[in-house]
Amino acid sequence: MNIILIGAQGSGKGTQAEKLSLALGVRHIASGDLFRKALSEQTASGLQAKVFLDRGELVPDELTVAMVLERIAQPDCLSGLLLDGFPRTITQAQVLDNNLPRMRQRIDKAIYLDVPYEELLKRLSGRYICRAHQHVYNAVTRPPRIPGFCDIDGSELYQRSDDKGEAVQKRLDIFFNETIHLIDYYKRQQKLVTINGNQSIDKVHAEILHALNAPIRSKGLKEIPAWQIPVAPPRLSSTISCE
Ligand SMILES: [Zn+2]
């Protein structure tokens with residue numbers, strides 16, 4: 001099964017993508033990771049993309065599509081893939097649709113995580129990270145136990161400049177002006193699934209699986225960063241359980 005996940009920043013898209021790829025056994029392809037890999041390996045497309053990223057601009061469609069198609073052609077994508085952060089525009093979606101058939105692939109579903117603008121703004125501008133290890137907190141969805149300090153290492157929490165008001169609005173505006181048209185595009189193809197993203201992570205995950213008609217597999221704990229796992233009370237026996 002090949003899936004596209006559409007959602008604004010702050011919609012929980014990254015989290016859902018990780019959970020979903022584990023639950024469905026499909027490869028998670030995040031366009032951001034593609035860029036980082038191409039940059040660190042200094043590929044031709046990576047170096048070209050760097051110019052745009054350094055200027056804080058979006059990477060042009062042709063360049064992005066080339067990188068994504070290269071990645072989709074890898075053998076580990078044969079059992080299915082989950083595209084996260086791509087396509088971003090209708091042009092990208094069309095190029096993707098034009099190229100997938102010759103790779104004997106197609107997009108089966110496009111999932112839209114629907115979260116109201118005001119809620120996104122609240123979530124994004126509430127983001128804080130710690131100075132010591134960049135642990136992520138959110139004033140709304142994941143507050144620290146002691147305001148202003150990291151739960152794990154006690155270091156000071158601060159807000160990155162791109163998480164502040166105007167920068168956040170700019171990012172959201174790009175999504176609502178441009179990416180939102182993808183929703184109509186996939187609706188016309190009868191591939192669109194809209195999920196209410198303004199619910200708990202587990203509820204959203206369950207609704208996606210339900211909509212895809214996929215069985216819920218055992219919870220994958222591996223994808224949860226260690227600092228997010230709640231501290232369990234000490235056990236009396238040393239038996240290791242495999243729940
Ligand atoms: Zn920390």
Side-chain angles (χ1 to χ4, degrees), residues 5 7-23 27-41 46 49-50 53-56 82 84-86 113 115-172 174-175 197-206 208 218-236 238 240-243:
L5 199 53
Q9 288 189 345
S11 65
K13 181 165 61 73
T15 308
Q16 293 299 334
E18 280 175 29
K19 286 175 80 77
L20 206 53
S21 72
L22 278 168
R27 180 62 60 180
H28 175 199
I29 301 179
S31 62
D33 293 341
L34 277 178
F35 292 153
R36 274 188 285 276
K37 199 164 188 288
L39 289 176
S40 68
E41 291 174 4
K50 190 176 186 300
L53 292 173
D54 283 348
R55 279 193 236 137
L82 176 66
D84 163 11
F86 176 90
L113 293 180
V115 179
Y117 187 93
E118 289 308 314
E119 172 67 19
L120 291 169
L121 200 58
K122 209 164 71 179
R123 287 187 193 177
L124 287 171
S125 32
R127 241 172 78 101
Y128 288 85
I129 56 178
C130 88
R131 291 215 184 268
H133 296 101
Q134 285 75 52
H135 296 124
V136 181
Y137 293 87
N138 190 293
V140 183
T141 54
R142 196 193 135 69
R145 281 194 293 267
I146 301 163
F149 297 95
C150 179
D151 288 354
I152 295 121
D153 50 47
S155 73
E156 186 199 3
L157 302 181
Y158 74 104
Q159 194 159 36
R160 291 195 322 203
S161 59
D162 57 349
D163 286 334
K164 285 179 188 168
E166 253 180 53
V168 165
Q169 279 186 20
K170 197 175 161 194
R171 260 148 57 192
L172 286 181
I174 290 176
F175 178 81
N198 204 7
Q199 312 179 82
S200 74
I201 290 172
D202 287 340
K203 190 100 197 294
V204 172
H205 179 62
I208 295 173
S218 60
K219 270 190 186 173
L221 286 175
K222 262 189 294 183
E223 87 277 23
I224 302 173
W227 57 268
Q228 283 188 353
I229 299 172
V231 179
R235 295 200 178 190
L236 294 176
S238 60
I240 297 166
S241 76
C242 305
E243 49 188 333

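Both counts, for ligands and for their atoms, begin at 1 and track the order of listing.
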Item to check | Of the N, O or S atoms in H135, the one nearest the Zn ion (ligand 1) | outcome: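 Within H135, restricted to N, O or S, the Zn ion (ligand 1) is closest to atom ND1.
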
Checklist entry - From the Zn ion (ligand 1) out to just under 2.8 Å, does an N/O/S atom of C130 turn up? => result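 Of the N, O and S atoms in C130, at least one lies under 2.8 Å from the Zn ion (ligand 1), which means yes.
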
Checklist entry - How about D153: does one of its N, O or S atoms come closer than 2.8 Å to the Zn ion (ligand 1)? => result yes

Item to check | Distance-minimising heavy-atom pair for L113 and S11 | outcome: CD1-O, 3.9 Å

Checklist entry - Shortest non-hydrogen contact from A167 to S161? => result CB-O, 3.9 Å

Next on the checklist: Once salt bridge (charged side-chain N to carboxylate O under 4.0 Å, His left out) is applied, do any residues pair with K50, and if so which ones, sequence neighbours excluded?
Outcome noted: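 By the salt bridge (charged side-chain N to carboxylate O under 4.0 Å, His left out) rule, K50 matches D54.
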
Item to check | salt bridge (charged side-chain N to carboxylate O under 4.0 Å, His left out) partners of D151, counting only residues at least two apart | outcome: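 Expected list: none.
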
